[in-house]
Protein chains: 2
Amino acid sequence: MVIGGDAAGMSAASQARRLRGPDELEIVAFERGHFTSYSACGIPYWVGGDVEQRDDLVARTPEQHRERDIDLRMRTEVRRIDVANSRVLARDLEGGEESWTTYDKLVIATGARPVRPSLPGIDAPGVHGVQTLDDGQALLDTLARTEGRRAVVIGAGYIGVEMAEAMVNRGYEVTVVNRGKEPMATLDPDMGRLVHEAMTGMGITMVNDAEVTKIRTGDAGRVRAVATEDAEYPADVVVLGIGVRPETALAREAGLPLGEHGGLLTDLAMRVRGHENIWAGGDCVEVLDLVSGAHRHIALGTHANKHGQVIGSNAGGGYATFPGVVGTAVSKVCDLEIARTGLREKEARAAGLQFVAVTIESTSRAGYYPGAALMTVKMLAERRTGRLLGVQIVGREGAGKRVDVAAVALTAGMTVEQMTALDLGYAPPFSPVWDPVLVAARKAVAAVRAG
Amino acid sequence: MVIGGDAAGMSAASQARRLRGPDELEIVAFERGHFTSYSACGIPYWVGGDVEQRDDLVARTPEQHRERDIDLRMRTEVRRIDVANSRVLARDLEGGEESWTTYDKLVIATGARPVRPSLPGIDAPGVHGVQTLDDGQALLDTLARTEGRRAVVIGAGYIGVEMAEAMVNRGYEVTVVNRGKEPMATLDPDMGRLVHEAMTGMGITMVNDAEVTKIRTGDAGRVRAVATEDAEYPADVVVLGIGVRPETALAREAGLPLGEHGGLLTDLAMRVRGHENIWAGGDCVEVLDLVSGAHRHIALGTHANKHGQVIGSNAGGGYATFPGVVGTAVSKVCDLEIARTGLREKEARAAGLQFVAVTIESTSRAGYYPGAALMTVKMLAERRTGRLLGVQIVGREGAGKRVDVAAVALTAGMTVEQMTALDLGYAPPFSPVWDPVLVAARKAVAAVRAG
């Protein structure tokens, strides 16, 4: 039995089905929404017009799942998990009936819910989240009806900056109101500053250090402006890009173990701690950060898919584990690419680590090759041991995915000195003779020696 | 004392100078050519017109080296190394004088020489190698004088395919004559086949399994055609792209140890084996392949720069090592990106390894995101242990540098199962939710289990 029909839940169902046929394993899945297996990460690009149709974001429809003998119950919300009796209470959201169904094995994949600050005016027409396909459709409908061209995005993390790009692409004048000192709080402020400058260069108005106090409404209660303590920003539409929290109300009521970020806690096989026959994965769980040793909540489709794969293997009688993450993320605002992996300074300090931090500038290709674009790479290495702790990259084309090299090096526990010898692909259209990541590693080596 | 003024030699000199000032360390460098520290890898792009000027390829001029107190003697060829007496005999190629100079520490960075088959007609006007800036200039001079638009490239390795692109960009009808079964013998033939098909699609005529027997000449002894056993290909200009061998005649005469590929053999500090005060690096040495345990000759600027860095550190009284390579290479023909790392099937067999090989197709970005381009990834993993042995990638934009993930995983000795959990950067403009390298790893895991 699977609760939640998106990435983690349906990957688990599909993988279990691959291992066990319908005569061996019955699979029931509950989804309260209208869609299955869709790319929430793709919503900003659909809103922005890069992706034409909503259905392009759906990897697999309910019908396709049913063809694989998965008993998928759409628009059905699970209201209670009764762990003692191995059963769940589900409600058909259209018909209204509720009924109990028992399980032998349970997979909790309830995802995340967007943070929605309790501000005056937050529920006004014209204020939109972008967590689900339904949210995206509602926003697009609003845009079609709206004549004004001023958009305010609240929040400047991944969703915020991606939505800023989307609204720019739709021809809006965009203001981003950000609580932090710089956009992209997942980067150190010195790297966030580069994002800030680039966004300003794109004509986006970046307001940092600003707490939204109120959403002002006008005619017919529609949104009119976003107010902070110091100022007011006129808005014909407001997009909430503040991030998400694990959707674990059900799990909490059922007495399942939650971590400090509110996510379910699992073992390495993605089994809920202390429960032999319950697994959990995707945006509703906390994951082990392999660099800091702490648990984190990271809502990201790529993790959800891996979790589903692992859960489906184990629930299907196979064996697989999810060892943890190193905190890799990549994003873009128009042509600016932003990436990080491992720990930034604040996280390293919080983990009790002493470190050196270096920053270099280099280019995506050989300097003389057409299209060579500047990029900035910041690298953290542990003091004394020289172990790589984290990398942040801000640049143009060819910058973002370079973070993967550092992600693998972090996973392998490499030192920055070991990294300087890495045999990375070199040819003038692809890289300078020293790849930018290696240039940063060389500078980090010098800093470790000096420190 | 440094013999050879290109990447390895001058990196060594510069790094030693960084560690030791001119009052502590005297540095003399001999270069027989007209240039220092230039990008030979950039020559195809200069010939093809992507790089405008020859000087764009020069990273540092003789004058710039001299400003750093390096006694650089241009157009001076070393004729003999007298190891017993720690001295070299050098000849001023312009004045003609020869003289002995003694050294305390010697760095051999004599590079590579192009393979030039002893074919009838090989020295005819219109036949060009592309190893040095002088070669590139001579070819460009020929192109400026040539009216016909038919070019034949002999060889279909990296230089061959890059020169095919260059000649296409110059508006030539290009035929590539290749001894192997498919182009890019550094890939397995099934992956080379994809390159073949793509090159054909670009209007390049690919002739495989063909041994050149003769270069036919016509008016005034100029090249007229390239003949194989079976056919004749009209040519107004012929480019030799057959590869290079270590330039180690001097070292051989001096009794220094050479490997089976003709390159100097060094220890991990890049010291010539058995010689306390002689280092060697760049295209004249053999390197340890960390995957097969064998020695290989790989002429590549990125290795040469690393060697120079290591040599300069050690000769300057510091400490550094070059542990070896995993055989990463990346290239392109027009918009086709080609990459490899580790071992291909033939190499794995030669190393005594049993393996599984899998091939997958995926896309560079989320399938629904504009610009998502197909790519093919082939992965080899050791039988039983599942250790990653090699990856080959052929695709369009965003394909080539993905090989770096595998290069780091190889260096770390990861298994394909460990790879499936790698936390690689994901967002729709950058990758599908499963990065193509991870899709290949998942398939390899299944193959290892089955095999």
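Predicted model only: the values in this text are computed from it and were never measured. All chains are named by letter (A, B, ...) in the order of the sequence lines, taking the proteins before the strands, and each is independently numbered beginning at 1.
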Worksheet entry | NE2 on B/H295 to CG on B/D289, rounded to 0.5 Å | 9.5 Å
Discussion item. Using modelled atom types and a 3.5 Å cut-off, is there a donor and acceptor pairing between side-chain atoms of A/D6 and backbone atoms of A/T36?
Written reply: no
Worksheet item: In terms of heavy-atom pairs under 4.5 Å with chain B, which of A/A304, A/S331, A/A407, A/A329 leads?
Response: A/S331
Worksheet entry | When A/P323, A/A7, A/G42 are compared by non-hydrogen pairs under 4.5 Å with chain B, the top option | A/G42
Discussion item. Please classify the contact between B/M414 and chain A as side chain, backbone, both or neither, with a heavy-atom cut-off of under 4.5 Å.
Written reply: side chain
Discussion item. Looking at chain B, which one of A/N305, A/D56, A/T411, A/T420 has the largest number of heavy-atom pairs inside 4.5 Å, strictly under?
Written reply: A/N305
Worksheet item: If you count heavy-atom pairs under 4.5 Å with chain B, which of A/D435, A/V405, A/V310 comes out on top?
Response: A/V405
Discussion item. Could you tell me if the side chain of A/K443 sits less than 4.5 Å from the side chain of A/M379, heavy atoms only?
Written reply: no
Discussion item. Less than 4.5 Å to any heavy atom of chain A: does that hold for the side chain of B/L424, its backbone, both, or neither?
Written reply: both
Worksheet entry | Under 4.5 Å from any heavy atom of chain B - which part of A/A409 | both
Discussion item. Using a 4.5 Å heavy-atom cutoff, which residues in residues 44-51 of chain B come close to chain A?
Written reply: B/Y45, B/D50, B/V51
Item to complete: Would you mind checking which part of B/L438 comes under 4.5 Å of any heavy atom in chain A, side chain (CB onward), backbone (N, CA, C, O), both or neither?
Response: side chain
Item to complete: Spell out the residues in residues 389-397 of chain B that have some non-hydrogen atom less than 4.5 Å away from a non-hydrogen atom of chain A, in order of number; otherwise answer 'none'.
Response: B/E397
Worksheet item: Of all of A/G398, A/A427, A/P429, A/G327, which one pairs up most often with chain B through heavy atoms under 4.5 Å apart?
Response: A/P429
Practice prompt. Check whether any side-chain N or O of A/R340 sits under 3.5 Å from a backbone N or O of A/T186 as a donor-acceptor pair, and report yes or no.
Written response: yes
Item to complete: Please state whether the side chain, the backbone, both or neither of A/A339 comes within less than 4.5 Å of a heavy atom of chain B.
Response: neither
Discussion item. Check whether B/H307 reaches the backbone of B/G282 with its side chain - one donor and one acceptor, N or O, closer than 3.5 Å.
Written reply: yes
Discussion item. So that I can tick it off, tell me whether A/D404 and B/K401 are bridged by a salt bridge, with the cut-off set at under 4.0 angstrom between side-chain N and carboxylate O.
Written reply: no
Discussion item. Can you confirm whether the side chains of B/S364 and B/R402 place a donor and an acceptor under 3.5 Å from each other?
Written reply: no
Item to complete: Mind ranking B/L422, B/V403, B/T341 by heavy-atom pairs under 4.5 Å with chain A and telling me who comes out on top?
Response: B/L422
Item to complete: Sort A/S431 into side chain, backbone, both or neither according to what part of it lies under 4.5 angstrom from a heavy atom of chain B.
Response: side chain
Practice prompt. Just say parallel, tilted or perpendicular for the rings of A/Y38 and A/F35, cut-offs at 30° and 60°.
Written response: perpendicular
Discussion item. Using only atom types and a distance under 3.5 Å, with no angle test, would you say the side chain of A/E417 pairs donor to acceptor with the backbone of A/V445?
Written reply: no
Worksheet item: Is chain A contacted by the side chain of B/A366, its backbone, both, or neither, given a heavy-atom distance below 4.5 Å?
Response: neither
Worksheet item: Taking atom CG of A/L268 and atom CG of A/L288, what is their separation to the nearest 0.5 Å?
Response: 7.5 Å
Worksheet item: Under 3.5 Å, is there a donor-acceptor pair linking the side chains of A/Q15 and A/S313?
Response: yes
Response to the item:
Of B/T321, B/V326, B/T328, the largest count of non-hydrogen pairs under 4.5 angstrom with chain A goes to B/T328
Worksheet item: With sequence neighbours left out, what residues match A/D283 under salt bridge (charged side-chain N to carboxylate O under 4.0 Å, His left out)?
Response: none
Worksheet item: Going from CH2 on B/W434 to OH on B/Y426, what distance comes out if it is rounded to the nearest 0.5 angstrom?
Response: 12.5 Å
Item to complete: Name the option with the most non-hydrogen atom pairs under 4.5 Å to chain A; the candidates are B/A406, B/P432, B/P428, B/G301.
Response: B/P428
Response to the item:
When rounded to the nearest 0.5 Å, the distance separating CZ of B/F430 from CD of A/E337 is 4.0 Å
Worksheet item: When rounded to the nearest 0.5 angstrom, what is the spacing between OG1 in A/T415 and CZ in A/R387?
Response: 10.5 Å
Practice prompt. Quick one: which of B/A412, B/G324, B/P370 has the most heavy-atom pairs under 4.5 Å with chain A, could you say?
Written response: B/P370
Worksheet item: Heavy-atom distance under 4.5 Å to chain A: side chain of B/R449, backbone, both or neither?
Response: side chain
Worksheet item: Within a strict 4.5 Å, meaning less than it, do heavy atoms of the A/L290 and A/V325 side chains meet?
Response: no
Item to complete: Could you look at B/Q309 and say if it's the side chain, the backbone, both or neither that has a heavy atom under 4.5 Å from chain A?
Response: side chain
Fill in: salt bridge (charged side-chain N to carboxylate O under 4.0 Å, His left out) against B/E162, all qualifying residues, sequence neighbours excluded
none
Worksheet item: So do the side chains of B/K306 and B/T302 get within less than 4.5 Å of each other, counting heavy atoms only?
Response: yes
